[in-house]
Asker: 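Questions regarding the structure given below will be posed in turn.
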Amino acid sequence: MSEDEEGGTRVVQLPSGERLLPPVPGTARAPLGQPAPPAAHPPVQGVAVVVGSRPVSAYTELTIEAPDIAETAAPGQFVAFAVGGPTSSMLLRRSIAIAGVGEGRFSVVVSARAEGSTWLATRRPGDEVDVVGPLGRPFPLPPEGTPALLVGGGYGAAALVGLGGLLRARGHEVAAVVGAGDQARLCSVDDLAAVAAPFVVTTDDGSTGRAGRVTEPVAELVSGAGVVYACGPMPMLAAVAGLATDRGVPSWVAVEESMACGVGVCMTCVLPVVGADGRSRFARSCTEGPVFAGDRVRFADVGTLPPDLVGADAMQLAHAVPEEGETP
Amino acid sequence: MSEDEEGGTRVVQLPSGERLLPPVPGTARAPLGQPAPPAAHPPVQGVAVVVGSRPVSAYTELTIEAPDIAETAAPGQFVAFAVGGPTSSMLLRRSIAIAGVGEGRFSVVVSARAEGSTWLATRRPGDEVDVVGPLGRPFPLPPEGTPALLVGGGYGAAALVGLGGLLRARGHEVAAVVGAGDQARLCSVDDLAAVAAPFVVTTDDGSTGRAGRVTEPVAELVSGAGVVYACGPMPMLAAVAGLATDRGVPSWVAVEESMACGVGVCMTCVLPVVGADGRSRFARSCTEGPVFAGDRVRFADVGTLPPDLVGADAMQLAHAVPEEGETP
Amino acid sequence: MTTLPEVLPSVDMQASIGGVPVVSPVLTASGCSSFGRELDPFFDLTAIGAVVTKSVQLRPRSGRATPRMAETPSGMINSIGLQGPGIDGLLADELPWLAERGVRSFVSIAGARTEDFAELAARLRGAPGVLGIEVNISCPNVESRGEVFACNPDASAAVVAAVREAADPAHPVYAKLTPDVTDIVSVARACADAGANGLSMINTLLGLVIDPDTMRPVLGGVTGGLSGPAIRPVALRCVWQVHAALPNVPILGMGGIRTGLDALQFVLAGAGAVSVGTAVFNDPSAPARIHDELAEALGERGFGRLADAVGYAHRAPDEGPPGRHA
Amino acid sequence: MTTLPEVLPSVDMQASIGGVPVVSPVLTASGCSSFGRELDPFFDLTAIGAVVTKSVQLRPRSGRATPRMAETPSGMINSIGLQGPGIDGLLADELPWLAERGVRSFVSIAGARTEDFAELAARLRGAPGVLGIEVNISCPNVESRGEVFACNPDASAAVVAAVREAADPAHPVYAKLTPDVTDIVSVARACADAGANGLSMINTLLGLVIDPDTMRPVLGGVTGGLSGPAIRPVALRCVWQVHAALPNVPILGMGGIRTGLDALQFVLAGAGAVSVGTAVFNDPSAPARIHDELAEALGERGFGRLADAVGYAHRAPDEGPPGRHA
Ligand SMILES: Cc1cc2nc3c(=O)[nH]c(=O)nc-3n(C[C@H](O)[C@H](O)[C@H](O)COP(=O)(O)OP(=O)(O)OC[C@H]3O[C@@H](n4cnc5c(N)ncnc54)[C@H](O)[C@@H]3O)c2cc1C
Ligand SMILES: Cc1cc2nc3c(=O)[nH]c(=O)nc-3n(C[C@H](O)[C@H](O)[C@H](O)COP(=O)(O)OP(=O)(O)OC[C@H]3O[C@@H](n4cnc5c(N)ncnc54)[C@H](O)[C@@H]3O)c2cc1C
Ligand SMILES: Cc1cc2nc3c(=O)[nH]c(=O)nc-3n(C[C@H](O)[C@H](O)[C@H](O)COP(=O)(O)O)c2cc1C
Ligand SMILES: Cc1cc2nc3c(=O)[nH]c(=O)nc-3n(C[C@H](O)[C@H](O)[C@H](O)COP(=O)(O)O)c2cc1C
Ligand code: FES
Ligand code: FES
């Protein structure tokens with residue numbers, strides 16, 4: 001797993017010995033989790049007013065007045081913001097998970113990274129933002145009575161708060177593990193502590209909670225869970241999904257891939273996913289995700305072109321012939 | 001003359017019968033005014049804080065804390081602002097005349113036109129702006145005792161306020177004519193009224209003051225003046241300079257040409273000007289202007305390539321041969 | 001769904017794609033609206049000229065490994081690798097969905113050999129709702145050591161002729177040109193002479209971005225295509241040059257169109273219709289918005305019909321300002 | 001004058017222009033800093049690699065009628081028409097001013113015939129403070145119906161050979177290439193084979209903007225050159241391709257450089273030095289700032305010397321992350 005809570009590492013290194021896919025020959029394996037079903041409501045686009053902004057550890061929580069989004073969003077979905085204002089040189093939207101909804105408003109937790117997310121994190125109450133949402137597929141809910149384990153990394157924990165509340169309201173037992181590189185990059189600790197027990201906090205540097213990665217407490221808690229939900233950096237998702245799959249527990253992960261459009265038209269946000277027919281394809285994380293069954297995502301192959309992908313054979317040609325401008 | 005106070009019209013149409021240059025053959029003509037000398041101080045670049053913003057008729061007056069600029073600027077000079085913030089798609093600076101200086105601050109009057117000037121006009125106290133200045137050549141001051149006539153059009157009047165005060169402080173008689181399309185586009189009326197007598201206001205639509213152009217009162221007042229200073233749209237400058245020259249009165253005009261750099265390195269801001277040697281050249285309005293002797297600017301030729309310009313002969317070649325991409 | 005502000009009733013926005021009338025001169029751009037479905041929540045797909053579908057090849061393609069894009073100043077570069085379902089998937093799943101809803105599709109096809117293009121065109125005969133065919137010749141030609149077809153007038157002409165021959169005669173065939181050539185007019189002329197009913201201009205410019213962290217090219221494919229407002233002046237120049245040289249060849253203009261005034265520039269330069277690509281990523285309802293803004297801009301300038309504005313910027317210097325052209 | 005923040009002492013920023021050492025790899029770009037004087041108030045001109053002077057021709061030129069520029073998204077187009085004092089004015093007024101202050105000048109020359117270039121190069125023999133000659137071959141060639149020299153490998157080679165022959169042997173000669181060609185590597189190779197000591201890349205892209213009010217092209221010259229951050233990915237692609245094909249030919253990289261990280265991309269792609277053009281209009285002290293930012297960026301990435309980073313992005317996939325390259 002990477003040190004980098006804000007993501008960016010593409011090739012996932014799992015703790016040695018662990019393999020996610022394909023299954024070790026001869027090993028008994030549960031059937032794969034179902035693909036997450038699409039959302040019930042289509043997205044809308046419009047200008048919305050920022051009604052609240054507050055620092056949340058290393059991040060900024062924005063609250064935005066947008067009844068049409070707030071009233072239809074489900075946990076696991078995200079929104080996409082235009083950034084930089086009308087004369088911006090930044091054309092692409094920034095995708096941000098919905099952290100909470102209520103009273104016609106929704107909230108997001110923004111980590112100021114490069115220029116676009118920094119612009120977003122510096123919006124103040126009264127400012128207007130152009131936002132599209134709710135986008136993507138929500139976390140599917142488990143059968144009645146299933147105990148759930150929630151695992152959040154960095155600002156990813158924020159996306160689990162709504163889910164935690166919903167599960168508790170429906171009578172599920174909820175456990176949670178929340179981790180980050182250090183105390184400042186922990187997020188939504190109080191909100192998740194209020195709905196989850198046991199509730200474990202980890203930091204890589206031990207600045208608060210248990211020292212180390214989320215994987216240790218997850219390994220301890222997963223056997224007691226009937227379903228695992230995870231949101232955070234890709235290496236964490238890979239590890240958590242791996243632990244769940246190994247124990248035969250279904251898992252749902254909300255992935256984070258670089259997105260140009262957020263609405264499914266550009267094909268930039270793909271990752272290799274095993275489809276309902278058992279064949280792998282490059283699936284769009286914006287419209288076919290961001291929530292995928294944890295055992296369907298081929299984490300180890302992210303950033304590569306696995307030869308068994310549907311249509312990978314047709315690419316050979318392109319690879320044999322150097323395209324204009326590529327080095328031979 | 002054009003209706004458009006905010007400029008844009010390039011080919012100057014003077015009231016019929018009037019010709020500025022070349023002189024009507026046989027007409028006795030005074031020697032041309034001297035080229036304006038360069039400023040005493042070089043420009044500086046830096047970030048400055050907006051300390052005041054207020055609406056001034058149809059415009060916005062900004063006050064900016066920048067001692068290094070405020071303490072060296074002379075009337076007629078301008079500053080150049082970067083616009084749109086760090087992620088702006090607008091690369092070029094916007095040139096704005098300095099309207100006043102004092103206490104380490106300078107003020108400008110901004111007309112929100114397209115995106116860049118609109119961004120500038122919406123800056124608020126506390127905001128930071130990146131500004132270069134003071135730029136260009138100031139208005140040369142007349143010999144002691146010379147009565148001066150100031151003529152301002154639209155927001156151009158603002159650039160004359162400092163000059164008016166300076167002339168009065170040095171004991172000159174000062175008259176002024178201030179005009180605009182309508183009342184809302186008049187500017188600096190009170191400031192100029194305080195230093196000038198006679199003081200005449202005109203509006204094209206008669207919404208306040210005398211109905212009509214500034215040219216009528218200027219024609220009446222120019223004979224009483226020993227020097228004329230004008231700032232405003234190009235067609236107004238052409239007409240005022242023409243009236244002054246015809247009466248043998250020297251004039252100084254502060255021109256407004258589209259500028260990419262404002263500091264003299266790009267050659268986009270040129271107009272045909274008669275040089276000290278009597279030959280015409282494309283002169284940069286940012287560094288050789290914006291203040292020119294009114295009888296040196298070939299207003300009627302602006303936007304054309306007069307064949308007698310130094311180096312125009314070398315362009316024939318380029319014209320004979322269609323360049324790539326030009327229609328034949 | 002965005003409700004459209006009322007369009008000035010005085011401007012007739014009917015346009016033509018190679019002779020086939022369409023209700024709007026605004027289309028999507030290939031690869032920037034997938035097969036149209038995902039934009040259905042954002043605007044009425046039947047109110048634009050057509051959905052230009054993602055370039056399809058004979059076989060399904062996985063596309064390239066990620067990363068597939070990088071944002072650049074006022075633009076982006078991409079290297080998707082033509083991920084898509086292949087012609088069978090297009091005919092089985094995508095075209096019927098569009099046709100059922102009355103959405104016109106302008107089908108973009110791509111191949112590695114001249115015969116691929118011809119076969120694709122033949123397969124589209126009789127397909128429901130197809131308005132015509134856009135031939136994406138900005139692909140490497142395996143038979144010419146991977147040289148891009150559109151970089152060579154002869155290779156371009158060969159593809160166009162084969163497609164025109166194989167295609168349904170009712171389907172106008174547009175050749176989509178790359179700006180990455182020394183002389184775009186010669187490629188345009190070769191395509192027109194080979195039977196193209198129109199020209200789509202421009203495809204992306206070849207570009208590269210290096211990641212300052214990895215210190216290697218960002219894209220898995222090393223180079224990628226630059227698109228967005230950054231390239232608009234280049235696109236306008238191409239449209240201008242080709243319209244000046246071939247005033248009777250219809251042009252579908254594109255490259256950085258984000259507003260109605262941008263679209264107006266393309267129309268004035270000679271485009272009879274326009275495609276909106278990268279701007280959709282910023283604003284998924286851009287095609288409908290741009291239609292309305294263009295109608296308004298034309299009306300404000302005294303045009304009664306879109307058709308009268310096509311190529312208007314080429315008028316001789318002594319032709320005065322526009323009157324009402326109704 | 002901007003006071004420069006202290007440069008990381010560990011990075012050796014010495015660069016070379018065709019073998020001649022310079023204190024900084026950052027230069028100005030021709031036509032974007034006039035003859036240097038106007039930038040003197042903003043930074044120390046002796047602390048950059050050189051001032052690349054506005055392209056000069058044999059005779060003084062008035063340049064074109066205005067308007068000469070239009071702002072575009074993250075860029076601008078210009079059509080100045082090479083306004084300038086001619087070689088006599090350059091030698092009499094401009095070069096002595098620079099030389100007196102110890103500022104190195106990289107003199108850009110332009111012409112309409114091969115002989116013009118040769119004569120200009122000869123005139124520069126012995127001129128004070130001249131570091132070398134940049135040959136702006138992106139000009140129309142009167143002897144070839146106005147085709148731009150740089151669009152044709154043979155015409156480019158002829159100019160380069162004539163200049164190399166006529167120039168002071170101590171003056172490195174760089175050919176400045178246009179990106180508006182199908183195959184920039186073939187032009188680059190022709191120039192290198194003809195004796196160019198290096199290549200400057202890229203000149204502007206041919207573009208056009210239409211004024212929505214006049215409904216005609218904005219520029220007096222109809223088309224103009226597109227520059228600024230908008231074109232950076234195209235410039236980087238050109239540098240990458242040419243460095244990949246001709247790894248031993250020095251490259252002066254330019255096109256949209258605005259920050260040290262932008263400059264770093266050019267260096268990693270293969271440029272031994274860079275020119276800063278349009279960014280100067282936005283920030284007149286940009287060359288000095290970019291020098292400092294580049295030094296810092298190199299230091300942060302473990303490079304001890306600029307020279308070690310040149311072309312670093314081309315390393316094979318199995319070569320690991322950078323260590324310290326001192
Ligand atoms: C489904 C989803 C949910 C997310 N939720 C959150 C959240 O709740 N809080 C938060 O701070 N961040 C979240 N992110 C990450 C966030 O989108 C990126 O950090 C942000 O886009 C980076 O913008 P930038 O201007 O700082 O970076 P730049 O690198 O300048 O972005 C350039 C382009 O790349 C895209 N991009 C770069 N990194 C990412 C990324 N990791 N994911 C998606 N697109 C990317 C941007 O959208 C933009 O188009 C989420 C991403 C996804 C996909
Ligand atoms: C010496 C001088 C003094 C000026 N003083 C004032 C003033 O006091 N108040 C005021 O409101 N305006 C003033 N202007 C005009 C002002 O610079 C332009 O209105 C403004 O740049 C337009 O910016 P925009 O973003 O609205 O227009 P855009 O058309 O989007 O500008 C695009 C580019 O063209 C340049 N440009 C366009 N029009 C002009 C112009 N008229 N003059 C110079 N550059 C232009 C811009 O600087 C920019 O680089 C002055 C201009 C000059 C040359
Ligand atoms: C992500 C992406 C994918 C594209 N895919 C295709 C494609 O499959 N076929 C094609 O002809 N053009 C493709 N293009 C090019 C566009 O159709 C269009 O020609 C180009 O992007 C310029 O227009 P724009 O600036 O409006 O995007 C693609 C562009 C982008 C940005
Ligand atoms: C206003 C302007 C004038 C230019 N004049 C010249 C010139 O005289 N000779 C030349 O070789 N390049 C000229 N160029 C091109 C630049 O030197 C440079 O190659 C190009 O602008 C790309 O770099 P940039 O994006 O940093 O500006 C000019 C560019 C601009 C913007
Ligand atoms: S971000 Fe465009 S398809 Fe997913
Ligand atoms: S604005 Fe650049 S030279 Fe005057």
Side-chain angles (χ1 to χ4, degrees), chain A residues 8 10 41-46 80 82-83 88-93 114-116 130 132 257-272 280-282 284 286-287 301-315 317-327, chain C residues 1-2 28 31-34 37-42 54 57-69 71 73-76 78 80-86 112 140-142 145-148 151 180 206-208 213 220-223 228-230 258 278-285:
Chain A
R10 295 188 167 278
H41 300 277
V44 290
Q45 176 187 11
V83 290
S88 174
S89 63
M90 296 178 290
L91 215 62
L92 306 179
R93 287 184 180 255
E115 288 176 332
D130 180 329
V132 176
E257 255 299 336
S258 189
M259 294 181 175
C261 77
V263 300
V265 295
C266 74
M267 314 303 281
T268 60
C269 62
V270 300
L271 70 184
S280 294
R281 291 178 183 77
F282 271 140
R284 288 164 294 179
C286 63
T287 44
D301 294 325
V302 170
T304 72
L305 173 46
D308 63 324
L309 242 57
V310 173
D313 51 343
M315 302 302 294
L317 202 58
H319 277 259
V321 179
E323 287 187 28
E324 196 195 5
E326 290 185 18
T327 38
Chain C
M1 190 173 300
T2 310
T28 65
C32 300
S33 59
S34 195
R37 295 187 198 215
E38 293 82 359
L39 298 181
D40 192 43
F42 298 106
K54 171 90 189 153
Q57 300 209 6
L58 288 172
R59 289 155 61 193
R61 285 170 64 94
S62 62
R64 287 185 184 278
T66 55
R68 289 178 168 188
M69 68 103 175
E71 198 177 42
S74 297
M76 66 178 285
N78 85 81
I80 307 297
L82 297 184
Q83 175 168 354
N141 176 356
V142 276
R145 290 163 301 117
E147 190 197 32
V148 171
C151 285
D180 289 329
L206 196 66
L208 178 122
D213 296 327
V222 182
T223 56
R258 194 176 180 179
T278 306
V280 169
F281 306 163
N282 179 267
D283 174 4
S285 53

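Throughout, a chain's letter reflects where its sequence line sits, starting with A, and its residues are numbered from 1. Note that this is a predicted model, so its numbers are computed, not measured.
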Asker: Can you name the closest pair of heavy atoms from A:S88 and C:R258 and give their distance?
Answerer: O-NH1, 4.2 Å

Asker: Ignoring hydrogens and angles, tell me if any N or O in the side chain of C:E71 forms a donor-acceptor pair with the backbone of A:L91 under 3.5 Å.
Answerer: yes

Asker: Quick one: which of A:L309, A:V263, A:L271 has the most heavy-atom pairs under 4.5 Å with chain C, could you say?
Answerer: A:V263

Asker: Identify which part of C:R37 has an atom lying under 4.5 Å from any heavy atom of chain A, answering side chain, backbone, both or neither.
Answerer: neither

Asker: Rounded to the nearest 0.5 Å, what separates atom CD in A:Q45 from atom CG in C:D283?
Answerer: 4.5 Å

Asker: Does the C:Q83 side chain pair with the main chain of A:F282, one donor and one acceptor, at a distance under 3.5 Å?
Answerer: yes

Asker: Could you pull out the closest heavy-atom pair between C:P60 and A:A314, with the gap in Å?
Answerer: O-CB, 3.4 Å

Asker: Keeping C:R61 on the side-chain end and A:M315 on the backbone end, is there a donor-acceptor pair under 3.5 Å?
Answerer: no

Asker: Output the distance between atom CG (C:N282) and atom CG (A:L92), rounded to the nearest 0.5 Å.
Answerer: 8.0 Å

Asker: Which heavy-atom pair separates C:M69 from A:A260 by the least distance, and what is that distance?
Answerer: CE-N, 3.6 Å

Asker: Could you check which of A:S89, A:C261, A:A82 has the highest count of heavy-atom pairs closer than 4.5 Å to chain C?
Answerer: A:S89

Asker: Rounded to the nearest 0.5 Å, how far apart are CZ of C:R68 and CD of A:E257?
Answerer: 9.5 Å

Asker: How close do C:R59 and A:D313 get, counting heavy atoms only, and between which atoms?
Answerer: NH2-OD2, 3.1 Å

Asker: Less than 4.0 Å between a side-chain N and a carboxylate O, is that true for A:R284 and C:E38?
Answerer: yes

Asker: When heavy-atom pairs shorter than 4.5 Å are enumerated against chain C, which of A:P42, A:G264, A:P306 gives the highest number?
Answerer: A:G264

Asker: Among C:A65, C:S62, C:S33, which has the most heavy-atom pairs under 4.5 Å with chain A?
Answerer: C:S62

Asker: Quick one: closest heavy-atom pair of C:T66 and A:V270, and the distance?
Answerer: CG2-O, 3.3 Å

Asker: Are C:K54 and A:V265 packed together at the side-chain level, in the sense that at least one heavy-atom pair is separated by less than 4.5 angstrom?
Answerer: no

Asker: Which pair of heavy atoms, one from A:P43 and one from C:P41, lies closest together, and at what distance?
Answerer: O-CB, 3.8 Å

Asker: Is there a side-chain contact between A:V132 and C:F42 in this structure, where contact means two heavy atoms from C-beta onward sitting under 4.5 Å apart?
Answerer: yes

Asker: What part of A:S280 lies closer than 4.5 angstrom to a heavy atom of chain C: side chain, backbone, both or neither?
Answerer: neither

